[in-house]
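These numbers come from a predicted model, not from an experiment. Worth knowing before you read on, the calculation uses all heavy atoms, side chains too, and leaves out hydrogens, waters and symmetry mates.
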Amino acid sequence: MDMTGSRRIEAPRERVWEALNDPAVLQASIPGCESVERTGPDSFEAKVAVRIGPMSARFGGKVTLTNVNPPAGYTITGEGQGGAMGFARGGADVSLIEEGPTTTTLNYNVKAQVGGKMAQLGARLVDSTARQMADQFFDRFAAQLAPAPAAIPEVPVAASAASDTVPTTPDAISTTGQPVTERRTAVAQMRPATATSGLMAALAAIPRQPYGLPITFWIGSVLWLGVLGLLFVIG
């Protein structure tokens, strides 16, 4: 089985390199991984639960890193045993290309061999499962390295403007000599008239034939554009 691919990761190359050598990051990224332990400077042991078609098994394997060239890449080789399901062995060349201060392209070239009952399932099923697991690995890996969303600063609530509240004492008298209750009644009566006059002024300011076309034409056009926009979104 041969598999080649490339992934763009939004993180500096040094950070991607460190993550590729971090057992915790690898365990969180590998689908079905139960544990990843470092056994040496360039070696790991892992346990992974794998399901291929109707068969499932737990694989225990050892992984060794060679041709280590930080932070440019390395070669990874390993072998896993899945009991009655069979075995898997192979390797991959991994290279990291710096595309920018915060962008890295990860290229990989995998060559693997399976035996036992796994080999009886057919190369197509094994290949499709391996590619699916690779996609899940890189999706999880990239998600762990993605920059955290910028926190939205809290905007302090501005003090509300002073209202036109008046003393609640029933017999309070304003500075103009008018009882407060009478002032409240006058203000309440003026507000609807003011709002109505403002609305009438706004309606009067709208031209009846913008650009020589009736206002109904423009309203209908806006409504149709809205309907078309919804159709594209739903589609």
Between Ala134 and Met3, what is the shortest heavy-atom contact and its length?
CB-CE, 4.0 Å
If the condition is side chain to side chain contact (heavy atoms under 4.5 Å, CB included), which residues does Pro71 pass it with, not counting sequence neighbours?
Arg13, Glu14, Trp17
Scanning both residues in full, the closest heavy-atom pair of Ala57 with Gly82 reads CB-O, 3.7 Å
Answer yes or no: is there a side-chain heavy-atom contact under 4.5 Å between Leu26 and Phe137?
yes
Are the side chains of Gln132 and Pro31 in touch, meaning some heavy atoms are under 4.5 Å apart?
no
Hey, any chance Ile52 and Phe87 share a hydrophobic cluster, counting ILVMFWY side chains that come within less than 4.5 Å of each other, even indirectly?
no
Provide the full list of ring-ring contact (aromatic ring centres under 6.0 Å, His included) pairs with a residue in residues 36-57, sequence neighbours left out, each pair given once.
none
When rounded to the nearest 0.5 angstrom, what is the spacing between OG1 in Thr77 and CG in Leu65?
8.0 Å
Is the backbone N or O of Ala11 less than 3.5 Å from a side-chain atom of Thr104, with the two atoms forming a donor-acceptor pair by type?
yes
Is it true that Asp22 and Arg15 make a salt bridge, defined as a side-chain N closer than 4.0 Å to a carboxylate O?
no
Test: Arg7 and Asp139 ion pair at under 4.0 Å:
yes
Distance col, row Glu79:CD vs Gln113:CD, nearest 0.5 angstrom, shows 9.5 Å
Tyr108 side, atom OH; Ser6 side, atom OG - distance, nearest 0.5 Å
8.0 Å
I need the Met55 CE to Leu125 CG distance, nearest 0.5 Å.
10.5 Å
Heavy-atom check, side chain of Leu20 versus side chain of Leu96, under 4.5 Å
yes
Main-chain N/O of Gly61 paired to Glu45 side chain as donor or acceptor, under 3.5 Å:
no
Please report the closest heavy-atom contact between Gln144 and Val25, naming both atoms and the distance.
NE2-O, 3.2 Å
In Å and rounded to the nearest 0.5 Å, what is the CE to NZ distance from Met85 to Lys117?
10.0 Å
Which one of Asn109, Thr75, Asn107 satisfies the side chain to side chain donor-acceptor pair (under 3.5 Å) criterion with Asp93?
Thr75
Contacts of Thr103 that satisfy side chain to side chain contact (heavy atoms under 4.5 Å, CB included) - sequence neighbours left out:
Arg8, Glu10, Glu99
Run the side-chain contact (heavy atoms from CB on, under 4.5 Å) check on Asp42 and Thr66 step by step: do they pass?
CA-CA 7 Å; Asp42 298 321; Thr66 58; over 6 Å; no
Measuring from Glu34:CD to Arg58:CZ, what's the distance to the nearest 0.5 Å?
4.5 Å
Side chain proximity check, Arg38 to Asn21, heavy atoms < 4.5 angstrom:
yes
Between Ile97 and Val16, is there a shared hydrophobic cluster once you connect ILVMFWY residues whose side-chain heavy atoms come closer than 4.5 Å?
no
Return the minimal non-hydrogen interatomic distance between Gly32 and Arg140, and the atom names on each side.
N-NH1, 4.4 Å
